[in-house]
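Every chain is numbered from 1, with letters handed out A, B, ... down the list of sequences. Given the structure is predicted, the values throughout are model-derived calculations rather than measurements.
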Number of protein chains: 2
Amino acid sequence: MSASIHEADSQTGLPQRPHDGLPRVAGPDSGEVFTPRAAPGDDLPTFSPLYRQIKARLLRALEEGEWKAGAMIPSEGGLARRFMVSQGTVRKAIEELATEHVLVRHQGRGTFVATHHEERAQFRFLRLRKDTGGLPATESRIIECRRCRPPAEVARELRLRAAESAIFIRRLLSVDRAATVLDEIWVPAGLFRGLNIERLEAHHGPLYALFERNFGVTMLRAHERLKAIACPAEQAQWLGLAEGSAVLLVDRVSTTYNDQPVEVRKGYYLTREHHYANELL
Amino acid sequence: MSASIHEADSQTGLPQRPHDGLPRVAGPDSGEVFTPRAAPGDDLPTFSPLYRQIKARLLRALEEGEWKAGAMIPSEGGLARRFMVSQGTVRKAIEELATEHVLVRHQGRGTFVATHHEERAQFRFLRLRKDTGGLPATESRIIECRRCRPPAEVARELRLRAAESAIFIRRLLSVDRAATVLDEIWVPAGLFRGLNIERLEAHHGPLYALFERNFGVTMLRAHERLKAIACPAEQAQWLGLAEGSAVLLVDRVSTTYNDQPVEVRKGYYLTREHHYANELL
DNA sequence: TAGTGGTCTAGACCACGTG
DNA sequence: ACGTGGTCTAGACCACTAT
């Protein structure tokens, strides 16, 4: 424990006050701690518990790269001393980050920054499954990778300014040698300088692992919109289908810290021997 | 609260031992408590923490109908006395059940058994969204409801015995007067005695709310498999489509307590102005 | 053996909803 | 004013991993 102001208290015979009883407020989870509540009358600053403020500070540290993907973060005790709160409070903050897959806890080993370099993360963002039940072993072939002006809707979803351009990637995923998913991907060119087809082809494993390792961009969440459509001619050709065949279109917007969108993806899924699996809880 | 044998203990002036220090084991979350660890050598009984045993006992009580859907369960303090554990342990058990949407907590009011009679639950099992963004206001029309022998695959998914029959429901969901989803539903006849088209038509609101109120069957989870298919003639007619149009087929198996499957559903989604929304975390 | 996360307890106080 | 869940703390011990 840090030899802090509080330590002095415990040297007196005082009843070891549990905590100082000050209500805490903060903007939407800013880093403020021990801020007294605003005068009664203003409403908006709304109550924010200590552990959420700690969570916000951990997120800020992660976003600023204090700990890289895959690295161990300090122990609960260490963080408790750093933030001047009890271990239990740090624990609750970490627990929320763990359920959001931002951190991963390992009993006896420590707490680590989640990474896409794992089997686990692999199928969190790929819901394709074989109808027979198993997980599909996919093989990726990069078709093209070029700088471009994205379609207006994609630019809006990526929140690009008018002048900004994107990098466009087209790739084909095959399962058991059979073309199954055609992905069309846009990412902001500014965030992925130097991304080209050679680097993509040199990489093996999930695309998000490459994004993470080479560009420091960690995908945390994605929102998907699914439709059944008649496959356009161009995409049908890559999938070896007749134009107009029914395909599953998966429209994805992926986000990193602060819900910042950093990837838009349109996936054309051939669902003859595969399906998109989803669990409703 | 049950005035059980254990109550006597708290009347003695004992130092209220934190806990007895006995390691707890149990089968896969059976109701066993305070069972000492098996001799070192056998491995399988695997450690089960107290709060999971409490969780299992709460689940058993729920399954046995001790508290009906929508009802308030005893307070944390009351449950702690009943189960002879600390409030914090009960709290952790309830927390898990709340994240699984089995229970719902309301600060200042109490903890309640989750129910499908709420706006909240409505769209947890219906992922249909308008392309324009809003939630669709759906209107349901029952097409038919009859007892039948289900297809072999459905019977297997419902774990029906050879002699058991099912009830088949076909209904059409419309959004803004336009047919949008055709649902074909099978449920075990044994669990839904008396379910007929009159009762279905008399009911307004989510189907699962009717299942819950009239038959005591609470849907807790569902697994869905999505495919894009060419719409068969019969279903196309109900949706007002040309045969062979691309439709989204949503294959669902719903389960209640103990992961017991109690409904199989095939939904044919017209995704021209709507889509299936999914969040990847 | 040392260090980490995991469990369990006890008690104080806060925020919320209802009388 | 009361009862409920929500937060925070402190401390003990258990389980797991690495050295």
Side-chain angles (χ1 to χ4, degrees), chain A residues 1 4 6-7 9-10 14-26 33-34 36-37 40 43 45-55 72-81 83-98 103-112, chain B residues 1 10 14-26 33-34 36-37 40 43 45-55 72-81 83-98 103-112:
Chain A
M1 300 164 203
S4 66
H6 303 307
E7 289 293 301
D9 291 356
S10 62
L14 287 182
Q16 194 72 303
R17 50 137 185 56
H19 65 115
D20 52 27
L22 280 179
R24 282 92 170 187
V25 295
V33 182
F34 296 137
R37 176 182 279 292
D43 279 341
T46 195
F47 175 76
S48 172
L50 233 200
Y51 73 88
R52 280 205 189 279
Q53 301 175 36
I54 301 302
K55 181 185 175 187
M72 178 180 172
I73 73 171
S75 72
E76 295 179 351
L79 290 169
R81 285 191 296 278
F83 293 132
M84 296 282 296
V85 298
S86 80
Q87 182 170 335
T89 299
V90 169
R91 186 171 187 73
K92 188 148 185 181
I94 291 180
E95 232 149 45
E96 287 203 355
L97 292 171
L103 298 176
V104 180
R105 325 184 70 164
H106 290 290
Q107 180 172 137
R109 290 210 287 137
T111 301
F112 301 79
Chain B
M1 39 206 108
S10 61
L14 288 182
Q16 196 73 298
R17 46 131 186 65
H19 65 114
D20 50 29
L22 281 180
R24 282 91 170 187
V25 295
V33 182
F34 295 140
R37 176 181 280 293
D43 280 340
T46 196
F47 175 76
S48 172
L50 234 200
Y51 73 88
R52 280 205 190 279
Q53 302 175 36
I54 301 303
K55 181 185 174 187
M72 179 180 171
I73 73 171
S75 73
E76 295 179 353
L79 291 169
R81 285 191 295 280
F83 293 132
M84 296 283 297
V85 298
S86 80
Q87 181 170 334
T89 298
V90 169
R91 186 171 187 74
K92 188 149 186 183
I94 291 181
E95 233 147 44
E96 287 204 354
L97 293 171
L103 298 177
V104 180
R105 325 185 71 163
H106 291 291
Q107 179 171 138
R109 291 210 287 136
T111 302
F112 300 80

(request) Taking all non-hydrogen atoms of both residues into account, name the closest pair between B:Lys55 and B:Ala93 and its distance. (result)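 Nearest pair, atom of B:Lys55 first, then B:Ala93: N-CB, 3.8 Å.
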So, do [X] and [Y] sit near enough that their side-chain heavy atoms are less than 4.5 Å apart?
| X | Y | value |
| --- | --- | --- |
| A:Arg105 | A:Arg91 | yes |
| B:Glu96 | B:Arg52 | yes |
| B:Ile94 | B:Leu79 | yes |

Among [options], which nucleotide has an atom closest to any side-chain atom of [X]?
| X | options | result |
| --- | --- | --- |
| A:Lys92 | D:dT7, C:dG17, C:dT7 | D:dT7 |
| A:Arg109 | C:dC8, D:dA18, D:dG6 | D:dA18 |
| A:Ser75 | C:dG5, C:dC8, D:dT9 | C:dG5 |
| A:Pro49 | D:dA18, D:dT7, C:dT9 | D:dT7 |
| B:Met72 | D:dT9, D:dG6, D:dT4 | D:dT4 |
| B:Gln107 | C:dT9, D:dC8, C:dC16 | C:dC16 |

(message) Can you see if the side chain of B:Ser86 gets near the phosphate of C:dC8 - specifically, an N or O under 4.0 Å from OP1 or OP2?
(response)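 False: B:Ser86 side-chain N/O out of range (4.0 Å or more) of C:dC8 OP1/OP2.
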(request) Output yes when at least one side-chain N/O atom of B:Arg91 is less than 4.0 Å from OP1 or OP2 of D:dG6, else no. (result)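 So the side-chain polar atoms of B:Arg91 do come within 4.0 Å of the phosphate oxygens OP1 or OP2 of D:dG6, strictly under.
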Taking atom [atom2] of [N] as reference, at what distance in whole Å does atom [atom1] of [X] sit?
| X | N | atom1 | atom2 | answer |
| --- | --- | --- | --- | --- |
| B:Glu95 | D:dG6 | CD | C1' | 9 Å |
| A:Arg105 | D:dC16 | CZ | C1' | 14 Å |
| A:Leu97 | C:dG5 | CG | C1' | 15 Å |
| B:Arg81 | C:dA10 | CZ | C1' | 15 Å |
| A:Gln53 | D:dC8 | CD | C1' | 12 Å |
| B:Glu96 | C:dG6 | CD | P | 13 Å |
| B:Gln87 | D:dT7 | CD | C1' | 12 Å |
| B:Arg52 | C:dG6 | CZ | P | 12 Å |

(request) Indicate yes or no for a side-chain donor-acceptor contact from A:Glu76 to the backbone of A:Val90 under 3.5 Å, with no hydrogens or angles considered. (result)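 No; zero donor-acceptor contacts below 3.5 Å.
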(message) Go nucleotide by nucleotide along DNA chain D from the 5' end; which of B:Gly110 and A:Gly88 gets its closest nucleotide reached first?
(response)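 That would be B:Gly110.
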